[in-house]
Amino acid sequence: MQPVCIVMIEDDEGHARLIERNIRRAGVNNEIVPFRDGTSALAYLLGPDGSGEASARRHLLILLDLNLPDMTGLDILEKVKANPHTRRSPVVVLTTTDDSREIQRCYDLGANVYITKPVNYEGFSNAIRQLGLFFSVMQVPETP
């Protein structure tokens, strides 16, 4: 079975380092491919032609911040879930927003998990550590 690659879309460098450190601390050694904006992340996920063929054979888990400099995470989520090659990839929304309408919108668009980044370090670390356990047991469904 091919290992799951973790795609982290997070523009805040401090948050990105914290997320990665806690994933590693939880014993998850999967490759993490970081992006700081939606444009480059979508280019990686959907390929230069936007067809999604680039991800046809990849096993991906996407960590997605909603507040990015060039577009919203909702735009990315919508594109990923609308594409036949990436729609089965699990998406974990990690954001500071706890607006119930936004949370519902993420689930409506196909997000698998929504985690509000607690501002305090301990709470955030615990949330990410639990996520690490989730990664280690998770298997991505095979694409036909």
- Item | Nearest heavy atoms of Ser55 and Leu45, plus distance in Å | OG-O, 2.6 Å
- Message: If you apply the rule side chain to side chain contact (heavy atoms under 4.5 Å, CB included), what do you find for Leu74 with Arg105, and how did you get there?
- Response: CA-CA 8 Å; Leu74 290 171; Arg105 178 123 172 77; 4.0 Å; yes
- How many angstroms lie between CE in Met8 and CG in Leu94, if you round to the nearest 0.5 Å? 9.5 Å
- Between CG on residue Asp65 and CG on residue Asp37, distance to nearest 0.5 Å: 12.0 Å
- Message: Distance alone, cut at 3.5 Å: any donor-acceptor contact between the side chains of Asp49 and Ser51?
- Response: yes
- Message: Is any side-chain heavy atom of Leu66 closer than 4.5 Å to one of Thr72?
- Response: no
- Task: Could you tell me the separation between the CD atom of Gln104 and the CZ atom of Arg101, rounded to the nearest 0.5 Å?
- Result: 12.0 Å
- The single option from Leu60, Leu61, Leu63 passing side chain to side chain contact (heavy atoms under 4.5 Å, CB included) against Val7: Leu60
- Item | Main-chain N/O of Val28 paired with Arg24 side-chain donor or acceptor, under 3.5 Å | yes
- Task: Any chance you could measure Ile9, atom CD1, to Ile76, atom CD1, to the nearest 0.5 Å?
- Result: 4.5 Å
- Ala54: what forms a side-chain contact (heavy atoms from CB on, under 4.5 Å) with it, not counting sequence neighbours? Arg58
- Quick one: do Val92 and Asn112 satisfy side chain to side chain contact (heavy atoms under 4.5 Å, CB included)? Show the steps, please. CA-CA 6 Å; Val92 176; Asn112 298 75; 5.5 Å; no
- Message: Can you pull out every side chain to side chain donor-acceptor pair (under 3.5 Å) where at least one residue sits in residues 3-12? Sequence neighbours excluded, please.
- Response: Glu10-Lys117
- Query: Is Asp70 reaching over with its side chain to a backbone N or O of Thr39, donor-acceptor style, under 3.5 angstrom?
  - Reply: yes
- Message: Testing the basics here: between Lys81 and Arg87, what is the closest heavy-atom pair and its distance to 0.1 Å?
- Response: NZ-O, 3.0 Å
- Any side-chain heavy-atom pair of Ile62 and Val80 under 4.5 Å: yes
- Item | Separation between CG of Leu18 and CD of Glu13, rounded to the nearest 0.5 Å | 12.5 Å
- So Ile115 and Val93, side chain to side chain contact (heavy atoms under 4.5 Å, CB included) or not? Walk me through it. CA-CA 6 Å; Ile115 294 180; Val93 174; over 6 Å; no
- Message: Apply side chain to side chain contact (heavy atoms under 4.5 Å, CB included) to residues Thr97 and Thr116 and explain how you reach the verdict.
- Response: CA-CA 6 Å; Thr97 314; Thr116 305; over 6 Å; no
- Using the test ring-ring contact (aromatic ring centres under 6.0 Å, His included), find all partners of Tyr114 that sit at least two apart in sequence or belong to another chain. none
- Contact summary for Cys5 and Val33, nearest pair of heavy atoms: SG-CG2, 3.4 Å
- Item | Minimal non-hydrogen separation, Met71 against Leu42, with atom names | SD-CD1, 3.7 Å
- Message: Would you compute the distance between atom CD of Glu78 and atom CG of Leu109 and round it to the nearest 0.5 angstrom?
- Response: 5.0 Å
